[in-house]
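Sequence lines set the chain letters: A, B, ... in the order given, protein chains first and strands last, and positions in each chain run from 1.
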Protein chains: 2
Amino acid sequence: MTWRDSLSRTLADYPHPSIAVDVALLTVTEDGRLAVLLHEREEQYETGRWSLPGTFVQVDETLRVAALRALRKKVGVTGQEPQQLRVFDAVDRDDRGRVMSVAHVDLVPSDRLEGTTGTLRRVDSATRRPVLPDGQNGLAFDHDEIVETAVKWARDAYRERPDPRRLIGEEFTLLELQRVHEAVLGRPWQKDTFRRHMVQYLDETGGLSRGAVGKPARLFRRTSPRGEHSRPI
Amino acid sequence: MTWRDSLSRTLADYPHPSIAVDVALLTVTEDGRLAVLLHEREEQYETGRWSLPGTFVQVDETLRVAALRALRKKVGVTGQEPQQLRVFDAVDRDDRGRVMSVAHVDLVPSDRLEGTTGTLRRVDSATRRPVLPDGQNGLAFDHDEIVETAVKWARDAYRERPDPRRLIGEEFTLLELQRVHEAVLGRPWQKDTFRRHMVQYLDETGGLSRGAVGKPARLFRRTSPRGEHSRPI
DNA sequence: ACAATAGTGTCTATTAGACACTATGGG
DNA sequence: CCCATAGTGTCTAATAGACACTATTGT
């Protein structure tokens, strides 16, 4: 007997919380700043409020699939790998009912956001919150807190390893890598310190950068990882 | 209009996953080893299988309350502070239906387990899994993975700070503190390295230990924490 | 005196960070 | 030649780990 049969009715019919996913999709903008993708709510009484893309989790769906569906339907973005942050479960966090949200985060190159129906908002380095237009202060629900957790996750991921979310391509110079890390971490880095910290995780390709002024830089790629993958906080 | 009114029916009546909590309640045994509290399942076809205490989350309940209820009802333990690990959401993880589980962990002094109806099982230091009796190998559901994540959480918490889960009392000697840390981490520590690492987070009380052989040891207490609290991984 | 535990001085190896130097391309 | 960027030698400060020594109690 499987859970699609009548036995499951007794379990599923008992009143239980609904479960949603919300995704803080982060990126690095052209001018080297961290930003988060928002969308404007259209529900009654809420028009004009900003929130993270999210959706309810359907009965047959994993969280990952629900998160990808939210990105596709709400902001028109496809093909990411959202990571779980944590569950936000305050009983009064959603006026529409008893809804818990599994917060997710992802960090993707900005060119994957082309054609999005969402809006990129810079994340303030000090507050770790999105900079909202004019008089507005704060996202809907508990989404400010989700963004803060997401930014912390991204910075933790970029403190140790070279570009773990692959914001840049397979081959890169150390300066290109450093620019990405400075954007995510929101602070500068000494080039020699940065180099000596990262080279242990890099392999030289043998190639050199071309076309720019100055001494051509060596190209590197990430060392193929041996063990653990990146994890949510 | 609140979520108790008719509007919520349309939301809650739509088929959606059930949500459960499972708690890996860890402790340090008399002989200085890490252990996890299990209980024997009584459901049909499952009698004799071991699992973590868990329960379904009710519609009005926070995860914390549900986790505490599971501990009270399933193993007769009260008053802990479970921390979220992550959501386990594989669609086939539970034969009874579509159930996601929010895994929790807590680490408490062994005297709080007096009168429990559960069973303490030592956690193997190498595999990070509970040592099961005779021929059994593996907990029900995905609970082996939860225990592994819980042990990792506990070890991370005890790597930096002095006894963050308060397994020992307010005042203690450095040797007492070291014994607790060695039990959680599952490895010995040099006393001078340990001391110099931990004193920065400790205040001297001025008191001395009494009654034992050898030079009396100074008593310390934890420095009142300024900022962040302990967090799940 | 001796056993046992507490606590410290000091050496080494490693590392982050900073400064300043050398290296190598384009114009 | 000059400029700009790449890459390295080296110094300093901080830290973990280890060893060995001194300190202080009970018996």
For this session: Determine yes or no for a side-chain-to-main-chain donor-acceptor pair under 3.5 angstrom, with His143(B) supplying the side chain and Leu52(B) the backbone.
Result: yes
Exercise. Does anything in residues 62-81 of chain A pair up under side chain to side chain donor-acceptor pair (under 3.5 Å), and if so which pairs, sequence neighbours excluded?
Worked result: Thr55(A)-Arg69(A), Glu61(A)-Arg69(A)
Problem set entry | Counterpart residues, salt bridge (charged side-chain N to carboxylate O under 4.0 Å, His left out), relative to Arg155(B) (two or more places apart) | none
Problem set entry | Pair Thr205(B)-Arg221(B), side-chain donor/acceptor within less than 3.5 Å | no
For this session: Only counting residues at least two apart or in another chain, list the ones meeting side chain to side chain donor-acceptor pair (under 3.5 Å) with Asp163(A).
Result: Tyr158(A), Arg222(A)
Exercise. Does the Gln200(B) side chain pair with the main chain of His197(B), one donor and one acceptor, at a distance under 3.5 Å?
Worked result: yes
Exercise. Got a sec? Which of residues 174-192 of chain A come in under 4.0 Å of DNA chain C, heavy atoms?
Worked result: Gln190(A), Asp192(A)
Exercise. Looking at residues at least two apart in the chain, or sitting in another chain, which of them share a salt bridge (charged side-chain N to carboxylate O under 4.0 Å, His left out) with Arg179(B)?
Worked result: Glu182(B)
Problem set entry | First-last contacting nucleotides on DNA chain C - partner chain A, under 4.0 angstrom, heavy atom | dA16(C) to dG25(C)
Problem set entry | Residues that Gln190(B) engages under side chain to side chain donor-acceptor pair (under 3.5 Å), provided they are two or more places apart | none
Exercise. Can you name the residues that form a salt bridge (charged side-chain N to carboxylate O under 4.0 Å, His left out) with Asp22(B), not counting sequence neighbours?
Worked result: Arg93(B)
For this session: List the protein contact pattern of nucleotides 22-27 of chain D with one symbol per nucleotide (5' to 3'): B for base contact, S for sugar-phosphate-only contact, - for none; contact means a heavy-atom distance under 4.0 Å.
Result: -BBB--
Problem set entry | Pairing residues for Asp31(A) by the salt bridge (charged side-chain N to carboxylate O under 4.0 Å, His left out) criterion, not counting sequence neighbours | Arg33(A)
Tabulate below the donor-acceptor pairs under 3.5 Å that side-chain atoms of residues 120-128 of chain B make, not counting sequence neighbours, or state none.
residue: Asp124(B); atom: OD1; partner: Ala126(B); partner atom: N; Å: 2.9
residue: Asp124(B); atom: OD1; partner: Thr127(B); partner atom: N; Å: 2.8
residue: Asp124(B); atom: OD1; partner: Thr127(B); partner atom: OG1; Å: 3.3
residue: Thr127(B); atom: OG1; partner: Arg129(B); partner atom: N; Å: 3.1

Problem set entry | Check: Gln84(A) side chain, Val87(B) main-chain N or O, donor-acceptor pair, under 3.5 Å | yes
Can you name the atoms? Protein N/O to nucleotides 12-16 of chain D N/O, anything below 3.5 Å, with the distance.
residue: dA16(D); atom: OP1; partner: His197(B); partner atom: ND1; Å: 3.4

